[in-house]
Amino acid sequence: MGPGFVVGVFGVLILAHAAYSTIQYRGLLKITEEEFSGPPMNVVAELLLGLVFCMWAGLTVPGKFLSILPDSEENRIVSLPANLDFMSFNHRGKVFPMELDVKLKL
């Protein structure tokens, strides 16, 4: 487990605590018969901090982003398998004409 994973778990725990705090706050408002206008500022701060931690973990845990090289041998076009069971030739695309004689007016 790397540091990014630990930060992600910590961010999820912060978000869970913010949800629990909001539920407790709404229960307190029901007891005092006040109207709910929004969560308290400390819950909003927890939500933002948890969001930042989860976003950072989500971007760092999967790994480094690599560029795609178009001329690489690893980027070959995958050929269709010899098994043609899943190929369907009876579909709605046959209602369209094969050749369109449409000229663009410039």
Side-chain angles (χ1 to χ4, degrees):
M1 286 195 302
F5 184 77
V6 173
V7 169
V9 169
F10 188 64
V12 169
L13 290 176
I14 288 175
L15 289 176
H17 183 265
Y20 181 73
S21 298
T22 303
I23 292 170
Q24 269 190 325
Y25 179 69
R26 290 197 66 173
L28 178 67
L29 288 180
K30 284 183 183 178
I31 292 172
T32 60
E33 296 179 352
E34 294 179 24
E35 192 173 315
F36 181 75
S37 61
M41 286 306 291
N42 62 346
V43 173
V44 173
E46 282 184 19
L47 286 172
L48 292 175
L49 186 66
L51 175 71
V52 168
F53 283 164
C54 288
M55 290 286 289
W56 185 78
L59 291 174
T60 58
V61 168
K64 290 177 62 175
F65 290 111
L66 301 175
S67 63
I68 299 173
L69 302 173
D71 298 329
S72 176
E73 287 294 322
E74 296 174 0
N75 296 334
R76 294 185 308 238
I77 297 175
V78 178
S79 62
L80 293 173
N83 186 358
L84 301 176
D85 290 341
F86 294 107
M87 295 184 81
S88 174
F89 297 104
N90 189 15
H91 52 78
R92 288 179 265 174
K94 65 183 176 184
V95 299
F96 296 112
M98 294 301 285
E99 295 180 18
L100 294 175
D101 294 328
V102 177
K103 295 182 181 178
L104 297 174
K105 295 180 182 178
L106 297 178

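Quantities reported herein were computed from a predicted structural model and do not represent experimental measurements. Throughout, numbering of the chain's residues begins at 1 and tracks the sequence.
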task = Provide the full list of side-chain hydrogen bond (donor to acceptor under 3.5 Å, both in side chains) pairs with a residue in residues 42-53, sequence neighbours left out, each pair given once.
result = His17-Glu46
request  = Looking only at non-hydrogen atoms, find the nearest pair between Ala57 and Gly8 and report the distance.
outcome  = CB-CA, 3.3 Å
Nearest atoms (heavy-atom pairs only) where Thr60 meets Gly4 = OG1-CA, 4.1 Å
request  = Nearest 0.5 Å please: distance from the CD atom of Gln24 over to the CG atom of Leu29.
outcome  = 12.0 Å
query = Should Met55 and Val52 be regarded as members of a common hydrophobic cluster, given that ILVMFWY residues are connected when their side-chain heavy atoms come within less than 4.5 Å of each other, either directly or indirectly?
reply = no
note = Shortest non-hydrogen pair, Pro39 vs Thr22, comes out as CB-OG1, 4.4 Å
message = Checking one residue: Val12. Which other hydrophobic residues are in its cluster under the side-chain 4.5 Å linking rule?
response = none
remark   = When rounded to the nearest 0.5 Å, the distance separating CZ of Phe10 from CG of Leu15 is 11.0 Å
Straight-line distance of Ile14 CD1 to Leu51 CG, nearest 0.5 Å = 11.0 Å
ask   = Would one find more than 12 heavy atoms of other residues, nucleotides or ligands at under 6.0 Å from atom OH of Tyr25?
value = yes
remark   = CG (Leu28) and OG (Ser21) are apart, to the nearest 0.5 Å, by 12.0 Å
task = Hey, could you give me the OH/CG distance between Tyr20 and Leu13, rounded to the nearest 0.5 Å?
result = 15.0 Å
